[in-house]
Student: 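My questions will all concern the structure given below.
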Amino acid sequence: MALRGCRRWASLVSALRGGSSGHWDGRHLGDTPQHRDLRAALRKIIDKEINPFVDKWEEEGQFPAHKVFKILGQAGFLGVDKPTEYGGMGLDFSYSIAVAEELGNIRCGGIPMAIGVQAGMTTPALTRFGSDELKKQFLVPTIAGDSVACLGISETGAGSDVASIKTTAVRKGDEYIINGGKMWTTSGCQADWMCLLANTSEGPPHRNKSLICLPMNLPGIHIAKKIDKLGMRSSDTAQIFFEDVRVPCKNLIGEEGQGFTYQMLQFQEERLWGVAAALAPLETLIQETVEYTRQRKAFGRAVLHNQAVHFRLAELATDVELLRSLLYRSVALYVEGNDVTKYASMAKLKAGRLAREVSDSCLQFWGGMGFTSEVLVSRFYRDFRLMSIGGGTDETMLSIICKYMETLPSK
C-alpha cells in the first residue's frame, strides 16, 4: 500500500507541511483535520497489512520487520517528524504522537513497540547531531523502511542505570574497537544497524559515553540468543555480544563524550511515544470488557450490572483521559522547545501503573475466559507489564521527578 504514490497522499502531505496548518497549536492534538487524515491513512495500513497477521506473528514469536517497515516507510510513517531532505515529512513532534496513538490499534504490544524503536527511539540523536554523511547512510534507509534499526543501551548489569554500562569503544587510529554486550535489544535479531551507547573514555560516567551508528553485519558481532519473554512476543528481543568489532570513527553521532546527554534527550521522545501508544489499547480493553460483561451472566444478571464493575470501569476510563491530558500538555511544551523530562517521566510512570490497573481489573471481570490466550485482555495483560520496566522503571521515573522537585536526597 504505497500511499506516497497517491495523489491524495501527496495533497495530504502538502497540506500538513503548509503554513500553520502543519503545526499544532497545543489545544487539539490528534483532533485537527491534519492529524485525523494522517491517522486515517495509517489505520488503513493497520487493518489491511498488520492486524490480520498479528495472531500468526505472536505464535511465531517474531513479525517480519523488513516487510512491515517497508510498507510503513513507503507511506511516510517512519519519518513523520524528520527533515524532508532525508525522506521525512518535516512535521512537528505532535504528528509522531498522533501516529503512536493510532499504532495502539494494533492488536498486540510488540509490533507498535518495534515500530516506535524504528521511528522515534533510534534516530532522534542522529537527526539532531549526526553528520550529513551519517544521516544519508543510516537515517535515510531507516525512514524509508529499507533498514531495520535497534537501540543498544541496556546491558545485563545496567538497565535503567544507563551510567553503569560497561561496553567500550576504544579509539585506535580512525576506528573504534568495540567490546562488551547489550541486552533486551528490541528487533536485535533482524536489525541492520544499532544506535550504540558505549564508553569512549575513562572519564566521569556522565561524560565518557558516546553514541555510535553500528552496522550489524560487522565481524565480531554475535547474536547470542533470541530472548523468550512473558509478553511482547511478536517483537524479537536479542542478547548481543561485541568482540573486537571495528567501526569507523566517522560513525560517531555528534561529539565524543556527549552520548549520555544525547540519550537522555532521546528518552524524552521515547517515553512520550510509549505513553501515546498505550492509550488506544487501554481504551480497547475497557470497551471490550464493557461488551463482554454486558453479555456475560452471573447469578441471574449481567456482570456489568454490578456496581463494583461499572463503577470500576468508569474510574479506569477517567484515568485514561487524565493520562491523555498529561501527555498532550507534555507534547505541547516539547513542541515549543521546552525540556519536558519531568512531565514525560510523570506520564511514563502513570502509564505503566495504569496499564497494570486496567489490564488486571479487566481480566478479573472476564473471569476464567480472561485467563486464556483466546482473548485480547490476556495478551495485553502480558504485554503491558513491560511499561513499568522498559524505557526506565517506575522507580527511575520517581527519582527523576523527585530530582526536578528538589526532594531527592544528595549522595
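Numbering of residues begins at 1 and proceeds along the displayed sequence.
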Student: Is the centre of the H222 ring less than 6.0 Å from the centre of the F241 ring?
Tutor: no

Student: Does any pair with a residue in residues 241-260 pass side chain to side chain donor-acceptor pair (under 3.5 Å), and if so which ones, sequence neighbours excluded?
Tutor: E133-K250, R171-E256, E175-R246, Y176-E256, N179-D244

Student: Could you tell me if the side chain of L42 sits less than 4.5 Å from the side chain of L103, heavy atoms only?
Tutor: yes

Student: Mind checking whether K182 and T185 have side chains closer than 4.5 Å, heavy atoms only?
Tutor: yes

Student: Is it the case that the side chain of K229 and the backbone of S235 share a donor-acceptor pair, with hydrogens and angles ignored and the cut-off at 3.5 Å?
Tutor: yes

Student: Please check if the side chain of R296 supplies one atom and the backbone of A302 the other of a donor-acceptor pair under 3.5 Å.
Tutor: no

Student: Do I240 and I221 come close enough that some side-chain heavy atom pair is under 4.5 Å?
Tutor: yes

Student: Is any side-chain heavy atom of I401 closer than 4.5 Å to one of M405?
Tutor: yes

Student: Is the shortest side-chain heavy-atom distance between V117 and E270 below 4.5 Å?
Tutor: no

Student: Quick check on E85: does its CD atom have over 12 non-hydrogen neighbours (other residues, nucleotides or ligands) under 6.0 Å away?
Tutor: yes

Student: For side-chain contact (heavy atoms from CB on, under 4.5 Å), just list the numbers for D146 and K70, CA-CA rounded to whole Å, side-chain angles, deciding distance to a tenth of an Å, and then say yes or no.
Tutor: CA-CA 6 Å; D146 293 324; K70 186 60 182 177; 2.6 Å; yes

Student: Would you indicate whether F384, at its atom CZ, is surrounded by more than 12 heavy atoms from other residues, nucleotides or ligands within a distance under 6.0 Å?
Tutor: yes

Student: Going by atom types only, do T122 and W193 share a side-chain donor-acceptor pair under 3.5 Å?
Tutor: no

Student: Any chance CD of E321 has more than 12 other-residue heavy atoms, nucleotides or ligands included, within less than 6.0 Å?
Tutor: yes

Student: Return yes if some donor-acceptor pair links the side-chain N/O of Q239 with the main-chain N/O of K225 below 3.5 Å, else return no.
Tutor: no

Student: How about R207: does its CZ atom have over 12 heavy atoms from other parts shown lying under 6.0 Å from it?
Tutor: no

Student: For W57 and V68: C-alpha separation, side-chain torsions, deciding distance, then whether side-chain contact (heavy atoms from CB on, under 4.5 Å) applies.
Tutor: CA-CA 12 Å; W57 295 337; V68 172; 3.8 Å; yes

Student: Can K82 and T127 be counted as having a side-chain donor-acceptor contact under 3.5 angstrom?
Tutor: no

Student: Does the side chain of H66 reach to within under 4.5 Å of the side chain of D192, using non-hydrogen atoms?
Tutor: yes

Student: Rounded to the nearest 0.5 Å, how far does CZ of F365 lie from OH of Y292?
Tutor: 13.0 Å

Student: Taking it one step at a time, do Q295 and V303 satisfy side-chain contact (heavy atoms from CB on, under 4.5 Å)?
Tutor: CA-CA 8 Å; Q295 299 299 320; V303 171; over 6 Å; no

Student: Give the C-alpha distance, both sets of side-chain angles, the deciding distance and a yes or no for side-chain contact (heavy atoms from CB on, under 4.5 Å) between Q190 and D236.
Tutor: CA-CA 8 Å; Q190 301 184 73; D236 61 285; 2.7 Å; yes

Student: T396 side chain to G392 main-chain N or O, any donor-acceptor pair under 3.5 Å?
Tutor: no

Student: Measure the spacing between OH of Y381 and CZ of F371 and express it to the nearest 0.5 Å.
Tutor: 8.5 Å

Student: Would you mind checking if R329 and E336 are paired as a salt bridge, meaning a charged N to carboxylate O distance below 4.0 Å?
Tutor: no

Student: Taking the six-membered ring for Trp, are Y95 and H35 parallel (under 30°), tilted (30 to 60°) or perpendicular (over 60°)?
Tutor: parallel

Student: Compare all side-chain heavy atoms of C108 with those of I106 and state whether any distance is below 4.5 angstrom.
Tutor: yes

Student: Testing F93, Y328, W273, Y343 one by one against Y334 for a ring-ring contact (aromatic ring centres under 6.0 Å, His included), which residue passes?
Tutor: F93

Student: Identify the residue among L197, N199, I178 that makes a side-chain contact (heavy atoms from CB on, under 4.5 Å) with T167.
Tutor: I178

Student: Test your reading of the model: is there a side-chain donor-acceptor pair from Q118 to the backbone of S147, 3.5 Å cut-off?
Tutor: yes

Student: Please identify which of these residues, I115, I143, V99, meets the side-chain contact (heavy atoms from CB on, under 4.5 Å) condition with L72.
Tutor: I115

Student: I want to check something: taking the side chain as every heavy atom from C-beta on, are P64 and F69 in contact at a cut-off of under 4.5 Å?
Tutor: no

Student: Inspect the contact between E101 and R324 and indicate whether a charged nitrogen and a carboxylate oxygen are less than 4.0 angstrom apart.
Tutor: yes

Student: For Y262 and F129, what are the C-alpha separation, side-chain angles and deciding distance, and is it a ring pair (Phe, Tyr, Trp, His ring centres under 6.0 Å)?
Tutor: CA-CA 9 Å; Y262 295 162; F129 306 108; 4.1 Å; yes

Student: Salt-bridge test for D55 and R107: reply yes if a basic N is under 4.0 Å from a carboxylate O, no otherwise.
Tutor: no

